[in-house]
Undergrad: 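Encoded as structure tokens, here's the structure I'll be asking about.
Keep in mind the model is a prediction, meaning the values are calculated, not measured. Whatever order the structure lists them in is the order used to number ligands and atoms, beginning at 1. Along the sequence shown, residues carry numbers from 1.
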Amino acid sequence: MSTPAAPISPDASLGLECQKLAPESVAEVRREIEHHLATTLGRHKQNATRRDWWLCTAHMVRDRIYKRLIQTQATHSAHNTKRMYYLSLEYLIGRMLISNLINAGLLDTTQSALAELGIDLWEVCEEEVDMGLGNGGLGRLAACYLDSLATLDLPAIGYGINYEFGLFRQEFVNGYQVEHPDEWARYGTPWQLCRPDYTQTVRIYGYVEDRFDACGNPHPVWLGAKEVLGVPYDVPIAGYGTGTVNFLRLWSARASEEFDLQVFNEGGYVEAVREKAMTESFSKVLYPNDRTENGKELRLVQQYFFVACSLRDIIRRWRRSEADWDTFPDKVAIQINDTHPAIAIAELMRVLLDEEELPWGRAWDIVTRTFAYTNHTLMPEALERWGMPLFGRVLPRHLQIIFEINAQLMQRVLAHWPNDLDRMREMSIIDERDGKSVRMANLAVVGSHSTNGVAAIHSELIKERLFPDFYALWPERFNNKTNGITPRLWLLNANRPLARLIDERIGHGWTRDLQRLGELEQWADDAAFQNAFMAIKRTNKERLAEVIARECGVTVSPDALFDVHIKRLHEYKRQHLNLLHILTLYRRLLNNPSLDIPPRVFIFAAKAAPGYELAKTIIKAINSVAMRVNNDPRIGDRLKVVFLPNYRVSLAMRIIPAADVSEQISTAGTEASGTGNMKLALNGALTVGTLDGANIEIRDAVGEDNIFIFGMTVEEVEALRKRGYRSTDWYAADANLRTAIDWLCSDYFTPGEPGVLAPLRHSLLEGGDYYLALADYAAYCACQDQVGEAYRDRAQWARKAILNTARVGYFSSDRAIREYASDIWQLDPLPVS
Ligand SMILES: *Cc1c(COP(=O)(O)O)cnc(C)c1O
């Protein structure tokens with residue numbers, strides 16, 4: 001590659017606003033911002049802080065979005081349209097100012113308006129605290145789907161919990177993770193609007209009394225329940241380049257006033273206030289465990305609280321235009337994001353039976369036609385189950401209903417497979433093993449008309465391994481919806497220079513039709529385009545190097561290969577396999593100082609669940625190795641290891657555009673799909689990955705020459721485990737592997753803290769290495785050598801990177817949402833003028 005292309009500033013304006021929306025003048029926008037500074041914030045320009053400018057800019061765009069929100073809701077009501085309701089315990093949204101400006105078509109105008117005031121938009125937007133109401137991929141998927149639903153003009157509302165504390169803020173102290181509370185909306189947020197008039201009252205706890213009507217039919221009544229108020233806070237969700245503004249309704253728990261009054265009157269003022277605080281704890285904090293939540297009562301209470309509020313709200317809206325329950329599934333589709341909201345199935349049954357007095361059969365038909373379920377995991381420990389005593393105490397009437405659902409299911413199974421007790425045990429919603437428990441995944445499959453996995457292989461494994469019996473009974477219910485990501489956030493917003501380069505070549509249509517990126521293929525071998533593409537990558541790496549210097553105090557060269565491993569810290573994601581390779585590389589460099597390999601920066605970012613000790617040990621291990629490597633004068637710039645603290649959406653947006661290599665190295669069969677893999681490939685990073693989740697479909701899309709696949713397949717993993725995997729044999733047989741593990745756990749990396757990394761070694765050897773890191777180690781190292789080799793040929797590398805961007809259009813969340821809308825929801829777009 002010859003002449004370097006002219007650098008494009010990452011903060012350059014896009015130069016292309018969406019023309020569909022009414023253009024506004026810079027002067028107008030400026031006037032509005034100044035107006036909010038004076039009237040909403042009560043500030044004079046001279047004393048305004050950056051946060052003030054952020055806030056009044058947010059109010060300016062919010063005003064415009066609200067106008068469209070009103071128009072959208074009026075249109076939906078006027079057409080009495082079907083709506084889709086997305087129930088999710090998590091929404092990982094990140095910052096909203098730039099997204100809202102982009103989606104409202106106001107980015108360039110606002111940038112100019114602020115510039116006239118002497119204010120830099122890109123400095124201002126750094127003031128925003130991420131809205132982090134989720135743990136990882138599942139919550140981020142929900143956020144991408146909301147963006148696509150609005151952009152595609154689909155009538156939809158998201159429901160969730162307005163956690164006062166989102167996912168914890170992570171800090172490192174001496175290499176150890178320390179968690180801090182994330183009071184993200186401590187001083188309020190401009191993105192939420194409280195709607196007290198839509199407050200819902202729901203009941204929880206209590207007991208059931210069996211009563212009988214005049215004809216002797218049983219009429220159970222739920223008594224002695226505690227009342228809780230759900231107060232809705234709405235977050236508007238603006239579509240990109242369209243008039244549609246949907247919303248996300250998040251519930252805050254409040255104590256019911258009647259309840260307070262009673263205790264007050266009895267003279268127990270302090271007790272009443274304490275009781276009130278306990279009730280309000282229902283929406284206090286997001287549980288920080290990604291994938292597992294082990295039977296905590298408050299978690300079940302949270303799930304029921306938000307589901308019950310949401311269903312009441314859905315029914316209230318349906319009643320505005322309908323009265324006959326049989327129309328309910330024609331107007332209402334409900335998607336449940338994993339089993340966390342699956343209690344909605346029992347709750348809607350309860351409403352229909354106990355409050356609406358529908359007969360069982362009719363109620364059940366309405367319920368199953370309404371709900372659809374997305375499964376996110378095959379791992380047995382991540383499948384939700386609730387101990388029966390706990391469940392019965394929190395939701396006594398729902399437990400009864402679940403028993404009845406299960407009784408009918410067992411009859412059905414018996415009719416299909418006479419005398420097959422094993423089959424009944426497998427399929428029962430009630431698990432009879434080690435203390436009875438309620439299996440939420442079974443309830444979700446039985447009570448819905450659709451069960452989907454989130455990548456092709458995952459959906460196959462659901463049918464073959466997780467639910468073979470349900471699949472045999474209802475094959476038509478099972479389907480695949482490969483995950484997607486929104487191109488507005490992950491390319492247009494996160495990588496504006498690349499977005500502009502693409503605009504220059506193929507126009508702006510890709511932002512709403514990502515497959516159009518395929519048109520870039522024609523320039524994959526074009527030196528000028530390669531130069532421009534790689535110059536942008538280089539600029540993004542410089543920016544990330546600044547972040548690394550600030551956050552980690554480590555200087556890295558933007559000329560080095562940036563190798564990125566960012567996601568939740570989990571054994572199945574195998575950050576420790578990456579670390580073993582780093583140790584191997586480090587030792588090779590020490591043994592052979594003239595070893596000719598491209599300089600590499602290994603970049604990690606990940607939060608570990610606060611109670612997940614081994615994950616925290618892996619963080620300590622990576623930080624300890626980083627400390628040594630980065631300060632080893634023998635190594636110089638040839639190898640650096642950095643662990644950026646506090647992984648979150650806004651940090652991901654900085655890292656991803658700067659990545660050369662994307663680490664997607666989970667044990668085959670464990671990562672349902674992944675979406676980080678899609679974001680990185682879209683931004684021109686080459687994947688080093690196993691044949692797991694969506695990596696397989698990414699390989700099919702980009703072509704084998706443009707991805708680095710290694711390691712065991714699902715079948716090989718299964719066969720190895722069946723044979724009896726003994727990690728110690730692999731340790732004994734591979735000198736490099738042995739050295740890496742022994743070295744890691746020596747005092748060399750943790751001087752003064754002998755043995756702190758021993759639990760990691762123990763889990764890999766005596767512990768049996770369940771995720772087979774040792775078995776994939778040699779293949780991984782060989783693959784990484786190929787990566788280093790490939791990186792030397794800059795033109796070939798550029799070609800591969802361009803082809804990644806050009807060929808991953810399929811992984812747009814717009815494509816995924818279109819599939820959900822047509823296959824599962826029967827939902828049509830309704831454009832808003
Ligand atoms: C995309 C994303 C994830 C999910 O990443 P995976 O690699 O798919 O596990 C998690 N956290 C954040 C902040 C993300 O943006």
Undergrad: Ignoring hydrogens, just give me the one of Arg140, Lys679, Lys567 whose non-hydrogen atom is nearest atom 14 (C) of ligand 1.
TA: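 When every heavy atom of Arg140, Lys679, Lys567 is considered, Lys679 comes closest to atom 14 (C) of ligand 1.
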Undergrad: Strictly below 4.0 Å, N to O, side chains only: are Asp290 and Lys567 in salt-bridge contact?
TA: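 No, Asp290 and Lys567 are not salt-bridged.
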Undergrad: At less than 4.0 angstrom from any non-hydrogen atom of Gly136, what atoms of ligand 1 do you find?
TA: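 Near Gly136, the atoms of ligand 1 are 10 (C), 11 (N).
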Undergrad: Counting only heavy atoms from other residues, nucleotides and ligands, does the tally under 6.0 Å from CD of Glu464 exceed 12?
TA: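 Yes, because the 6.0 Å sphere around CD of Glu464 holds more than 12 heavy atoms from other groups.
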Undergrad: Are Asp660 and Lys541 ion-paired here, with the side-chain N under 4.0 Å from a carboxylate O?
TA: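 Salt bridge between Asp660 and Lys541, a charged N being under 4.0 Å from a carboxylate O: yes.
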Undergrad: Among protein heavy atoms, which sits nearest to atom 8 (O) of ligand 1, and what does the distance come to when rounded to 0.1 Å?
TA: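 Protein heavy atom at minimum distance: Thr675 N, 2.8 Å.
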Undergrad: Using a 4.0 Å cut-off to any heavy atom of Gly674, which atoms of ligand 1 qualify?
TA: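 Contacts of ligand 1 toward Gly674, numbered from 1: 8 (O).
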Undergrad: Enumerate the atoms of ligand 1 whose separation from the nearest heavy atom of Trp490 is less than 4.0 angstrom.
TA: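 What qualifies from ligand 1 is 15 (O).
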Undergrad: Is it true that Arg550 and Glu546 have a side-chain N and a carboxylate O under 4.0 angstrom from each other?
TA: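 No, Arg550 and Glu546 are not salt-bridged.
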Undergrad: Regarding atom 6 (P) of ligand 1: of the candidates Ala143, Gly676, Ala694, which has the closest heavy atom?
TA: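 Among Ala143, Gly676, Ala694, the closest heavy atom to atom 6 (P) of ligand 1 comes from Gly676.
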Undergrad: Of all the atoms in ligand 1, which lie at a distance below 4.0 Å from a heavy atom belonging to Arg648?
TA: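 The list of qualifying atoms is 13 (C).
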Undergrad: Is the count of non-hydrogen atoms from other residues, nucleotides or ligands lying under 6.0 Å from Tyr770 atom OH greater than 12?
TA: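 It does not: Tyr770 OH has 12 such atoms or fewer within range.
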Undergrad: Taking only heavy atoms of Gly137, which atoms of ligand 1 are found under 4.0 Å from at least one of them?
TA: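 Heavy-atom distances to Gly137 below 4.0 Å select 3 (C), 4 (C), 10 (C).
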Undergrad: Can you confirm, on distance only, whether ligand 1 has an N/O atom lying under 3.5 Å from any N/O atom belonging to Lys573?
TA: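 Looking only at distances, the answer is yes, because the N/O contact criterion of under 3.5 Å is met.
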Undergrad: For the residue pair Lys463 and Phe478, would you count it as a cation-pi contact if the rule is NZ or CZ under 6.0 angstrom from the ring centre and within 45 degrees of the ring axis?
TA: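 Not flagged: Lys463 not positioned over aromatic ring of Phe478.
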Undergrad: Who's the nearest protein heavy-atom neighbour of atom 11 (N) of ligand 1, and how far?
TA: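 In this structure, atom 11 (N) of ligand 1 has Tyr647 CE2, 3.4 Å as its nearest protein heavy atom.
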Undergrad: Any salt bridge linking Glu126 with Arg654? Criterion: basic side-chain nitrogen under 4.0 Å from a carboxylate oxygen.
TA: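 A salt bridge is present here (some side-chain N lies under 4.0 Å from a carboxylate O).
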